[in-house]
Structure formats: C-alpha cells, structure tokens
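These notes are about the structure you will find just below.
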Number of protein chains: 2
Amino acid sequence: MRAPASVAMRLEEIDTPALLVDLDAFEKNLFTLANAVKGHDVRVRAHAKTHKCPEIAKRQLSAGAIGVCCQKVAEAEAMVEGGIEDVLVSNEVVGAPKLGRLAALSKRARLGVCVDNRENLRQLEASGAELDVYLELDIGMRRCGIAPGEPALALAREIARSRTLRFAGLQAYHGRAQHVRSMAERRAAIQDAAQKVLMTKRLLHEERIACPVVTGAGSGSFMFEVESGAWNEIQPGSYVFMDADYARNEWAAPLPRFAHSLFVLATVMSRPAPDRAIVDAGLKASSVDSGMPSVWQNPGLVYAAASDEHGRLDIAPGVAAPALGEKLLLVPGHCDPTVNLYDWYVCVRQGVVEALWPITARGASL
Amino acid sequence: MRAPASVAMRLEEIDTPALLVDLDAFEKNLFTLANAVKGHDVRVRAHAKTHKCPEIAKRQLSAGAIGVCCQKVAEAEAMVEGGIEDVLVSNEVVGAPKLGRLAALSKRARLGVCVDNRENLRQLEASGAELDVYLELDIGMRRCGIAPGEPALALAREIARSRTLRFAGLQAYHGRAQHVRSMAERRAAIQDAAQKVLMTKRLLHEERIACPVVTGAGSGSFMFEVESGAWNEIQPGSYVFMDADYARNEWAAPLPRFAHSLFVLATVMSRPAPDRAIVDAGLKASSVDSGMPSVWQNPGLVYAAASDEHGRLDIAPGVAAPALGEKLLLVPGHCDPTVNLYDWYVCVRQGVVEALWPITARGASL
C-alpha cells in the first residue's frame, strides 16, 4: 500500500489519513519506562501486538528490553523476520497449521508460548516445537488461563515432565485492570492478582518445580506488579504510544506518565456549517472500540462521531474554526487496533518526516 | 499477507481468523437486488467501500450494476486497476496530492466526484481532471453536503459554467436513515429527504441546468428512494454481505431481505470454564463499532466481549459447549470496517473453498 509521505517532507505535506509517530515523544517513552524499572529485579519484554513493527521492537531492545511478546504466530514470524531473536507468544496457540509454523519458527529464534489446558499441551508436544512454555493463570481477567493454585500446579507438573518442552514459568496478565480509572482500585486489583501468583509459586516451590519467570503486566499497572515482588518480567505495550483511553486513567507515582507519540493526521474535507467540520479520518482510520479520538491540543474541537471514512468535529462557540484543507492531529482512542489499520508509520521529528517504518505485522492475525 | 486457505480445502481446514464469503448467499444477494429494482427507472451503482474488491465489483456489474462508488481516491485506483471502468467517488476530495491522482485516473476511466463548496470546486477545476461532478446535498445526515434549495442552486450554477467539469447531478445519501430500526421511521426519513431533492431539482429545472442523475441510497432504505421517484441511481453496498447490525433492522416489503454471506471463521482457543469459551477473533478480526458479532445459527453462544485478539463467548445453561479447536462462524457487527482488516476473501460453496479473492483496496484510505 502506498505510503502517505516521503522522508524530508514537512508535516503539512503529508497526505491523509496518515499514522504519525512523534519521534521525540516516542524516544522519551522508551527512556521513561527504562527509568521507572531501574533498580528493580525485573526485565522488560515489550509487547509488539501494539506496534507490529520490528523497527520499534529494535528500539525497545536498545532501551533495555530483553525481547518482545506477540499474540499471534504470524506476528512472531514478522518479528523474527525483522531480526528479533527472543519472542514470547503470550497466548495459546491452537490447531495444526499454527503449531507447525510455531515449531518451524522455534528453530530460528528463542520462542515461548502459553498453555492453559492439557489437550493443548499434548498438541504442543506433538508439534516438535522447542519451546519455553508458560502456564497462563487467570488472575482476574476471565479470558484465557487456568485457575491459580492446585489446577495450575497439576498442569505445571505435566509441563515439567515433558521431554521436549521447557517449563519457563507463569503468564499472569490482568488486562481488565489496565483501564480501571482510579489508582487505588487498579492497585487493589493487582495486589489481589499478586496473591494468586504468589500462592501458585509457593505450590510449585513445594513440589520443586522451578519457576524462573513470572511475566505479565501492562502499561496501566506495571509498577504495581513490579512493587508486589510477584513478577520478574513485565509486558507493557501501549507505553510507547499512549492513547486517548489510557489518558483517561488516573496517573500518579509509582506509575510514570507517558507522552502521546501516536497520532492520526487528518484533513478537514468539508465545512458544511459554522459549528461543524468533517475530517477524512473515520473508523477505518482510528479504531473507536474504546471511544472517539481526541483532537490534539484543541479542546474546542470535539470529534463527536465517526462513520466509516468521515469524522464529525463539533466546533465549540467562539473557537477558531479549522479551514478547508487544514490538517489536524488526532489522538486515537485505542492505539493497538488503530495501528492494525495502517501499513506505514510516518515518523516525524519537529515537523519533518525523518523515516517511514513499515508495519510488517499489520493484519498478521493467523 | 499469507492467505488462510487454499482452493479445494474444506471449511474445517481453513486457518483462523479468516474472512469467508458464502458464494451461494452472495450470489443470491446479487440476484435479490437486481430483482427488486427490475421495472423501475433506476440504475444500480454498487458501493465498493463495502467490499474493496474488483472481483466482487465485476460480479455486481454482471448482475446489472452500471459501475461502482468508492469513498477514497485510493479505492477508485484499485477498482480501475482491477478493470472497472466507471467509478464515482461519492465523496469530496481535498488537497493537491489526491486531486492530482484523481486527474490522472480520470484519463483512464469514467470518473465522478462530489463537491459541496466553492473552494473545493476551484481546486477541482485547477487539477485538470475530466470529471463528472455531483453536487452533494445534505438531506438529513449532517455530515458533508450543501443545503438543498438556493445554496445548492448557486453552487450548481458554478459547476455548470465550468469549462472542464461536467455537472452530472446530485449526490443525496441519507446514511443515518439506513439503521433506523422501524420501517415506518426509515420510510419517513427518506420521504423527507425526497422532498429536499425534488425541491432542488425543480430549482435546477427552472434555471435550465440539466440534472441527469440523482444518486444515493443504501442497503437499508433503497426501495424508499426508488419509490419516491426522486432518485434514478442507487448506491447500496452492504446488501452483498449483510451484517449483524443490519439484521437488527425491521425488514419488510418493499425492501427485500438479503442473506448473511460474510462470516469471520474463528477457532475456540481456550475453554477456561463451563460457561465460557474463548475464540481467536477479537476486535482486530471483527470491527465492534456497531456491536459485537453474533455466532451463526447458535443462539446459545453469545459473543459477549471482544479484546484485541480474543472474543469471549458466554455459553447458555444447557447448551452444548464448543470443543477446543472447534471452528465457529461469526456474523460481523459491521461488514465494511471488518472487511478492511483482511487481505483475502476465502470464498466457500457448500463447505469447500472455491476461490480466494484479494481485497486489493484494503487499507486504501488516501
């Protein structure tokens, strides 16, 4: 798919809709995360489901991450293809075609995968893959995962007995906690989850099943996981970009504040009424599953409704209305599915295009 | 991007998530539309924003459509590249890069575009494009479009005076009416819109400005437009596929009932609890802007929540729970943005893959 810009263009010249990365803000976010975990006994395994781009993964590794996570085998393939050598598929992989590809990929890179039931474990063993296997615990998310405690212990025993698979530890991610608005409630959710992790670790220890890694945590909570002592690896993804939904969270110490570095550049394509402007970026340009995008640094313009290819901006009384053809920066409501709509990041520094990064795992859902 | 299937595979062998077209239902929909408008003085210009696929556009033409609509220049490019020779961009096109591409494309195919203001009309003239220009009326949608009556007449005069552009008529689409649930209210919305169209046509006629075409209408309302006599071209898109949101409309004569022909095939990837199954198709596999997908012909399984790569199915008491690895057909909540997530249609007839059609305008947002 055609790129909407070329290197050295000015921001105003970029065609729209375009997915922009503000490189100064992006690099600041890499540094902010590294700084937050400095001195703690924890490694960063950044989640590549957010960005789907080896160029970004490499920069996360340069900033201290020990590898990346993916959710899909096809994402992991794109990462290994792009030069990343340590990938955890932080998800269950089911079905012969995917397990075959996982096995093939396991010869090319250090690869991990999650499991939450016996039947899937048998399939993994049969695939011939050389894998780190993480047992996924349900610590409150009610999605995948096995119950902490005895059920987890019973499955861990079977993984530990396997001749081909390595029991690497626990996957314990509380996705629902990430967007709990208040710091106190988010902290409480993670403290509750930590008890489940610690209880399960104790059972494993009593059976002398080594549990080298407990991995999990997202951008909205990771310092609670770190401070609990129950996790020694974190998986933040959205921190590199932030989005309008994360911005609605309460942010305070110990969680650092990240900067918005991801934007959808849109053009005003119609000015049908004094109180209304229409932009050329609708729900095929910015995912609305977690709410509408916001107009960057322009509270008088409210992105009120999205149709497939249009966004309606309501113009507050007294606010300078944007002109036809004017370009506006939008902060997506939810960064991950928005990224998945684009083939290119247009990387901008101080108003000039510095690079184009291909989103090689865009649409990599298999 | 890798295709999830190959020709002659059985449904159960298709990797997931995959976007499926049931060819029998799809062909039935083509026939149902052609049959509905037979005997009426109206042409069909099918909307390609829905499917983004020249293979489908060609079949719409074979079934009687005189051309297609697109919303974006990049979609129009993909259609012309795919052999479609008559394309209306049913939208405003703003900015020099896009206008330059529109002008280039206008040398290769019959091309139309919409305009709703003077400034944009000047830009169109300056671009050197050889175009049919449609004046977009706002007939109740509150998106783009100029007010019917005198404002429209004044702009039409200027188009008619242009040396390079051809005034082709009116674009009059009532998007908001498409999903009004009751037949009576939908009919009333279109009757109101028809008055605005007819009043504007009368003004044009009085000034002897020929208005050969009034184009508009969508899958949820088109027979009301046809019966009003105000339109002589309709632009239905979703009718080829249907979706869960359109299925929530009341359907009765004069509107024919279309069949669900578009599905997301998903795999049960975790069975963490008796009342819950997790599938591998989340909001990156089925757009949730108009609600969750539904599980096809299985009311006891409710797709209750989507995260990026997962869907949670609630299993009603007493319902046979799906097995790990079982494949389920989902009906997307909204077909257009769901299609935009995929690179391939897997076309299935009676459980066997008959063809793979590339979605060449996927992501064509420029």
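Every chain is numbered from 1 and lettered A, B, ... according to where its sequence line falls, protein lines coming before strand lines.
Residues forming a salt bridge (charged side-chain N to carboxylate O under 4.0 Å, His left out) with A:Lys52 (at least two apart in sequence, or on another chain): A:Glu75.
Both the backbone and the side chain of A:Asp15 come within contact range of chain B, judged by heavy atoms closer than 4.5 Å. Of the atoms belonging to B:Glu92, heavy atoms from both backbone and side chain fall under 4.5 Å from chain A. Proximity to chain B (any heavy atom under 4.5 Å) is restricted, for A:Lys72, to the side chain, taken from C-beta onward. With a 4.5 angstrom heavy-atom cutoff, B:Arg176 does not touch chain A via any of its atoms. The part of A:Thr360 that comes within reach of chain B is its backbone (N, CA, C, O), which places non-hydrogen atoms under 4.5 angstrom from that chain. With a 4.5 Å cut-off on non-hydrogen atoms, A:Asp336 touches chain B through its backbone and its side chain both. B:Ala306 does not touch chain A: none of its heavy atoms, backbone or side chain, sits under 4.5 Å away. The contact between A:Ala364 and chain B is made by backbone and side chain atoms together, counting heavy-atom distances below 4.5 Å.
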**Message:** A:Arg362 vs B:Asp343, test: salt bridge (Lys or Arg N to Asp or Glu O under 4.0 Å). Steps then yes/no.
**Reply:** CA-CA 10 Å; A:Arg362 191 276 324 151; B:Asp343 294 274; 3.1 Å; yes
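Of all heavy-atom pairs spanning A:Pro272 and B:Gly145, the tightest one is CB-O, 3.6 Å. Minimum heavy-atom separation, A:Ile278 to B:Cys144: CG2-SG, 3.6 Å.
Comparing A:Lys327, A:Gln123, A:Glu77 by heavy-atom pairs within less than 4.5 Å of chain B, the highest count is held by A:Glu77. By number of non-hydrogen pairs under 4.5 angstrom with chain B, the leading residue of A:Glu13, A:Arg2, A:Arg312 is A:Arg2. Note: A:Leu283 leads A:Leu283, A:Leu341, A:Asn120 in heavy-atom pairs under 4.5 Å with chain B.
Side-chain contact between B:Leu366 and A:Thr16: absent, with no pair of heavy atoms (C-beta onward) separated by less than 4.5 Å. Using a 4.5 Å cut-off on side-chain heavy atoms (C-beta onward), B:Asn91 and A:Met269 make contact. Contact annotation: the side chain of A:Arg143 never approaches that of B:Arg276 to less than 4.5 Å [non-hydrogen atoms, C-beta and beyond]. In this structure, B:Asp308 and A:Gln71 have side chains that are not in contact, with every pair of non-hydrogen atoms separated by 4.5 Å or more.
Residues of residues 134-142 of chain A lying under 4.5 angstrom from chain B, judged on non-hydrogen atoms, are A:Asp138, A:Arg142 in numerical order. The stretch residues 93-100 of chain A places A:Val94, A:Pro97, A:Lys98 near chain B, each with some heavy atom under 4.5 Å from a heavy atom of that chain.
Residues B:Glu119 and A:Arg271 are not paired through a salt bridge, judged by the lack of any N-O separation under 4.0 Å between the basic side chain and the carboxylate.
Screening residues 281-292 of chain A for salt bridge (Lys or Arg N to Asp or Glu O under 4.0 Å), with sequence neighbours left out, gives A:Lys284-A:Glu309.
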